[in-house]
Amino acid sequence: MTQPRRLLPIVGAALRGHFGRSASTCRYRCGNACDHPEPNESDNQYFGDLVQAEVSRRGVMRGGAIGAVVLGGLAAASPAVAAPADPDADAARDVPDAAELGKSGAPAALGFKAIPPNRLDSFIVPNGYDHSVIVRWGDEVLPGAPKFDVYQQSAEKQKKQFGYNNDFVAVLPLHGRDRALLVCNHEYANPELMFPGFTSTAALTVEQWKIIQAAVGMAVVEIERVGRTGEWQLVRNGRRPYNRRVTASDTRFTLTGPAAGHEWLKTAADRTGKSVIGTFANCAGGVTPWGTVLSGEENFNGVFVGANGAPEAAKPGLKRYGFDIANRGAANWDTADERFDLTKNPNEANRFGWIVELDPFDPKAAPRKHTALGRLKHEGANVILAKDKRVVAYTGDDERFDYLYKFVSHKKMRDGRSPSARQHNLTLLESGDLYVAKFDGSGRGRWLPLVKDNASRVEGMTVAEVLILTRLAADKLGATKMDRPEDVEPNPKTGKVYCALTNNSRRGVGTDPGVDPVNPRANNKHGHILEITEDNGDNASETFSWKLPIICGDPADPSTYFLGFDKSKVSPISCPDNVAFDAAGNLWIATDGNALEANDGLFAVPLEGPNAGYLKQFLSVPFGAESCGPFISADGKSVFTAVQHPGERDGARVENPASTWPDGDFAKPGIAVTWKLDNGPVGS
Ligand code: FEO
Ligand code: CA
Ligand code: CA
């Protein structure tokens, strides 16, 4: 057997893609979306000439100030974190206790010393902290999985092993404080970093495509605390009944909600339109108060071919979701499974782009795709309870000039510890109202109903059509075109909602839409954070106020803004992607594609008090990687970070890696935990 050769990393030879991304990231992740016109060609206007004129007058360089002057001035929403169900039925005995999930030993202040921006091929944490790798690509997930050997990989092995390119991370307590289930997404594959001897995607074998389809999806693994520290490790022995791999090739999903069973969802293999094999392009996600995990199917278009041969009637919809309707496309997943050829199976495309709900405490249950939350390039979804206990889910459509959405369930969450309460709560995302955001220049905004009270609010489209072609429906309502809405998450402490707007290379460029108050920077390389305060402190409200607390970039750049905090003290930050909160309500931001020539990282910033806006870099991920997750444990002692695509640089290969993280041989995506050496809460 050939052993991996250890060569010098090709760090210096990195070729640049778009902003901070490598060209290979762009290719495998999103099909070079930046090189194509944005799929949103709708002519819905943004704010009207008056507001545009106001922005021009103030100038883009004062974009931050714009955020500062449009404060909503409304009272914060009341905290709305609810107890997860704790049924006493055997099957659900391990569902986490509400008290455990919400327990706060978390930092009130962020006392760590910021790490400097760097380009090291290491996982860097602040002084006084340590980190370890919990699980990496190829590690055993299903008990008895074959030992990982990159030279002897197969699809059957991969189905039992930890997948590739971990993104979202959630940790749900199991039997108290010292055991937990770690649930993650595996977003996409890097064949050039997975297969020794890689030459081109055209040369991939059927088995290699099958490995790719087995390497994406999701994973559930049992982890245990190390001693009394904030460190966690994989449970490597024993039964581990919850360990699970969800793949693109094998796992059967149930479609729920008003669009399930619609003609557009039926295929030759599924005449019901209610049953789908697989999930992929799973990016961010969220944890529900009833102890399930949500996962967003994002750049699903990238694996299909043959959109040029789809029926003419389907082409406008395909085009709006980024499919190339002019060309067949190069050999892709269809090589191993012809359902990914849209000429043969045009409706297969409609069966992806949903929010997935996985119950990690019921490993036999089919995960579900909820049509009620609409079909888009979902970054993820995060939920909070409205005042009356209906469930509100926020979800972003991650594409240049696409929209921000909100779902409000029809049914209310049930407290209590009975199996029937949990069973009820598992249906909450199956029916509800769906809205899209319209921002007004005055710092106010509205949630425009797409579907409400089981009726379509979009002329000429049925409920099911709105839910399957949600982008086209939102175009008709004149929703606000955003700078790539990524993670959207309510702060459990205040109910205010924070959205990472990653960047937009085309804002105000050529004939593309110009700046507006909520996307105030032309050629927005570094992105910004949006804060939404729902009216009456109720997340079910149809109106809100908004502001921009953070406009990212090098603090020396006058267009940046950090809640008015002294910019000489804050860390540079670029391309915010995933957000999370600690129990004190501090905002944690993970970046993707740092356009400041430094590795991606994780940052933390207080949103209230004297240090509001004092943003500091907490950690950085190895060269070529994106920092994902993040997840801060309820006790505040552990920060979980997914290291996605380490060493992803053009020209990098297994034999010639741009990163050797984490094991010193070749790059493997993995999940790390960071803790404080004194075992106190992070940041303290
Ligand atoms: Fe998978 Fe929007 O990043
Ligand atoms: Ca993301
Ligand atoms: Ca998040």
Side-chain angles (χ1 to χ4, degrees), residues 18-21 25-31 33-34 164-171 183-190 216 218 279-288 293-303 322 352-353 355-356 376-384 393-400 402-404 482-492 497-504 527 529-530 574-582 586-594 600 602-604 621 625-633 639-645 648 669:
H18 305 104
F19 295 158
R21 309 302 301 269
T25 305
C26 298
R27 175 171 185 193
Y28 296 119
R29 154 75 65 82
C30 61
C34 296
Y164 204 78
N165 274 346
N166 31 226
D167 195 305
F168 175 71
V169 180
V171 177
V183 184
C184 80
N185 287 341
H186 295 295
E187 185 175 6
Y188 68 106
N190 288 91
V216 299
M218 301 176 74
T279 189
F280 52 86
N282 306 79
C283 195
V287 179
T288 67
V293 171
L294 305 180
S295 167
E297 294 181 333
E298 193 192 31
N299 291 304
F300 60 92
N301 56 314
V303 309
F352 300 90
I355 288 294
V356 163
L376 28 132
K377 291 188 183 176
H378 282 285
E379 172 76 8
N382 285 280
V383 303
I384 192 166
Y394 295 88
T395 184
D397 187 349
D398 179 14
E399 187 119 46
R400 281 179 283 129
D402 257 296
Y403 310 131
L404 182 59
M482 308 295 288
D483 285 352
R484 292 187 55 198
E486 298 241 29
D487 207 0
V488 193
E489 189 155 337
N491 184 337
V497 180
Y498 294 81
C499 175
L501 294 153
T502 279
N503 61 36
N504 187 342
I529 303 286
L530 164 69
S574 175
C575 301
D577 183 350
N578 301 135
V579 295
F581 297 91
D582 59 35
N586 298 307
L587 175 65
W588 293 69
I589 306 169
T591 65
D592 170 19
N594 193 325
D600 278 315
L602 178 62
F603 302 73
V621 292
E626 163 186 352
S627 165
C628 298
F631 190 92
I632 294 93
S633 65
V639 174
F640 299 86
T641 305
V643 177
Q644 197 189 70
H645 57 76
E648 187 187 65

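Every number for a ligand or one of its atoms is a count from 1 in the order of the listing.
Side chain to side chain, D167 and Q644 meet the donor-acceptor criterion of an N or O pair below 3.5 Å. If you check the side chains of N282 and N185, you find no donor sitting under 3.5 Å from an acceptor. Using a 3.5 Å distance cut-off with no hydrogens or angles, the side chains of T591 and D600 do pair a donor with an acceptor. With 3.5 Å as the limit, one finds a donor-acceptor pair spanning the side chains of E379 and N578.
The shortest non-hydrogen separation linking C283 to E187 is SG-OE2, 3.6 Å. S627 approaches A590 most closely through the heavy-atom pair O-CB, 3.2 Å. The two residues A170 and V287 make their nearest non-hydrogen contact at CB-CG2, 3.4 Å. Shortest non-hydrogen contact noted between G296 and I355 is CA-CD1, 3.8 Å.
Summary: OE2 is the N/O/S atom of E379 found nearest to the Ca ion (ligand 2). With respect to the Ca ion (ligand 3), D487 has OD2 as its nearest N, O or S atom. As for E486, its N/O/S atom nearest the Ca ion (ligand 2) is the one called OE1. Checked against the Ca ion (ligand 3), the N, O or S atom of E489 at the shortest distance is OE1.
Contact annotation: D577 places an N, O or S atom under 3.0 Å from the Ca ion (ligand 2). Put simply, V579 gets within reach of the Ca ion (ligand 3), with an N, O or S atom under 3.0 Å from it. Among the backbone and side-chain atoms of E298, no N/O/S atom is found under 3.0 Å from the Ca ion (ligand 2).
Using a 4.5 Å heavy-atom threshold, the side chains of D402 and K377 count as separate.
Within a radius of less than 2.8 Å around atom 2 (Fe) of ligand 1, the protein N, O or S atoms are E298 OE2, E379 OE1, D398 OD2, E486 OE1.
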